[in-house]
Amino acid sequence: MTTLTSSIAIEKTKHSRINEVDFNNLEFGKHIADHMLVAEYDKGRWGAPAVMPFGEMRMTPAILSLHYGQAVFEGMKAFRMKNGDINIFRPHKHLSRFNKSLERMCMPTISEEMWLSSLQAIIETDQQWVPDGEGSSLYIRPLVFASESRLGVKVSDQYKFVIMTCPVGPYQAKPYRLKVESHFVRTAEGGTGFAKCAGNYGGAFYPTQIAREEGFDQVLWTDSKEHKYIDEVGMMNVMFVLNGNLVTPQLNTAILDGVTRDSILTLAKEIPTFKVEERRVTVEEIEQGFAKGTLTEAFGAGTAAVVAPIAVININGKDLQIPTAGPTSFQQQVKKKLHNLRMGLEPDPYGWNFIVKI
Ligand SMILES: *Cc1c(COP(=O)(O)O)cnc(C)c1O
């Protein structure tokens, strides 16, 4: 059956896979929802997006993204609110980052109209896939990649825009053990670190794998010149409570501008006694803060985990055991506040919630 919603054609699957999913036991990224949205870019413009059953796409191995890396993605979430509405969290902020990433990679940007109508269409079609369990959500993965089939290094003339989704449960991983990286770099200033482009992740796998073999979960990246300043974690920004203030590395071209980071900083500014410091953060002051007992919290901030407690920071072979974050910790409180805002249990003064029309 093909119907039309605000000029987006929708072809529904005849074989829903939703009954294969155990919604009480969701594994991140395992069950991709029934449908995907696809739009094609050619001759200088985006064509109309269409919703279709999720599945294979016909392509040749000569598509330029596979060779030269023009591939950019986003990661965001839709929540089932307490009143049953579906809420996409901060889609405008995600679009602005998406477009910055696309520009950096010489790829065509997406208009706000196309973005919002595409999100509306795909979420409306797969609305049954939005879980309602405590701490669950529908992860949304938009992607643009170069699809022109041709050899030779060049900027592609053709692209595909795809949105896929998958239901995810509450984040339950144990607190992170991080290794401060003092040899490899993820990216350098002037590079593509601020863009959510595919190559950044491929390049990070090798150092991360070495860290895993040494017993860590992730690498804590430092600046590429001196390995003196802290940048961020693999898929998360990093935050500390130091001397009673919230401290996080200030953004530069090597650091991804996390939406969760921005949300937490905004909410932290509401606490009268709490100072927020966005500045360069040295590895040394983290070591000293730990020694003096003034480093009381360390956590990662990202869409997947929201807040991910850090248990260990390893600096030059020495483990710093970070105190466990109890229910009155800043990270637990801000996580709760963000949760309540997104579920509609608390007001949304910043206009972060985008309610899908059903
Ligand atoms: C996606 C990502 C983050 C977190 O960004 P959010 O918008 O909060 O999900 C942080 N660092 C890197 C490298 C990322 O890819």
Side-chain angles (χ1 to χ4, degrees), residues 28-29 69 71-79 88-102 104-105 115 119 137-144 164-166 168 171 173 176 178 181 184-189 191-208 211 217-224 229-240 246 248-268 278 281 298-308 310 331 334-335 337-339 341-342 350 352 354:
F28 194 97
V72 159
F73 67 97
E74 265 304 318
M76 52 207 281
K77 279 179 172 175
F79 298 87
I88 304 177
F89 189 64
R90 304 194 71 180
H92 295 88
K93 177 89 179 149
H94 281 281
L95 175 63
S96 112
R97 181 173 71 194
F98 202 24
N99 282 336
K100 279 184 199 143
S101 302
L102 290 165
R104 179 63 179 81
M105 301 302 291
W115 178 247
L119 286 169
S137 57
L138 189 74
Y139 181 79
I140 306 172
R141 168 53 62 86
L143 166 76
V144 176
M164 297 160 270
T165 68
C166 69
V168 293
Y171 176 82
Y176 274 101
L178 301 181
E181 184 57 67
F184 293 105
V185 298
R186 184 182 90 95
T187 175
E189 282 227 54
T192 58
F194 69 94
K196 237 171 155 67
C197 59
N200 289 347
Y201 305 86
F205 284 157
Y206 183 73
T208 305
D217 302 301
Q218 285 283 340
V219 166
L220 184 52
W221 298 105
T222 51
D223 76 281
S224 63
Y229 301 99
I230 290 173
D231 278 353
E232 60 166 316
V233 192
M235 292 288 270
M236 296 185 296
N237 295 106
V238 67
M239 298 190 163
F240 305 95
L246 182 64
T248 194
Q250 72 188 38
L251 297 176
N252 62 41
T253 52
I255 297 181
L256 195 103
D257 180 2
V259 176
T260 315
R261 175 188 181 278
D262 183 80
S263 305
I264 292 175
L265 292 179
T266 305
L267 294 176
E278 287 184 77
V281 181
F299 58 96
T303 292
V306 188
V307 159
I310 296 171
Q331 62 189 277
V334 81
K335 182 174 183 172
K337 196 161 173 63
L338 206 48
H339 172 81
L341 187 156
R342 300 199 277 213
Y350 307 105
W352 288 343
F354 179 86

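Remember, it's 1-based here, ligands and their atoms both numbered in the order they're listed. This is a predicted model, so every value here is computed, not measured.
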In the protein, what heavy atom is nearest to atom 1 (C) of ligand 1, and what distance, to one decimal place, separates them? Lys196 NZ, 1.4 Å
Look at atom 3 (C) of ligand 1 and find which of Lys77, Arg186, Met235, Arg90 reaches it with the closest heavy atom. Met235
Can you tell me if Arg97 contacts ligand 1 (heavy atom of the residue under 4.0 Å from the ligand)? yes
Is there a donor-acceptor pair closer than 3.5 Å between any side-chain N or O of Arg186 and the backbone N or O of Gly193? yes
Contact with ligand 1 for Gly234, non-hydrogen, under 4.0 angstrom: yes
Atom indices of ligand 1, in the order listed, that fall short of 4.0 Å to a heavy atom of Thr303: 6 (P), 7 (O), 8 (O), 9 (O)
Side chains of Arg90 and Ser263: any donor to acceptor distance under 3.5 Å? yes
Of Gly258, Gly193, Gly300, the residue with the heavy atom nearest atom 5 (O) of ligand 1 is Gly258
Report the nearest protein non-hydrogen atom to atom 8 (O) of ligand 1: residue, atom name, distance rounded to 0.1 Å. Thr260 OG1, 2.6 Å
Could you tell me, atom by atom, which parts of ligand 1 come under 4.0 Å of a heavy atom of Tyr201? 13 (C), 14 (C), 15 (O)
Residue part near ligand 1, for Leu256, under 4.0 Å between non-hydrogen atoms: side chain
Kindly determine whether Thr192 and Met105 satisfy side-chain contact (heavy atoms from CB on, under 4.5 Å), including the steps that lead there. CA-CA 8 Å; Thr192 58; Met105 301 302 291; 4.2 Å; yes
For atom 12 (C) of ligand 1, the closest protein heavy atom turns out to be Glu232 OE1, 3.3 Å
Glu74 with Arg97: basic N within carboxylate O range, under 4.0 Å: yes
Are Trp115 and Phe98 close enough that their ring centres sit under 6.0 Å apart? yes
Which heavy atom of Asn237 sits nearest to which heavy atom of Leu256, and what is that distance? ND2-O, 2.9 Å
Quick check on the 6.0 Å ring-centre criterion: do Phe354 and Phe89 meet it? no
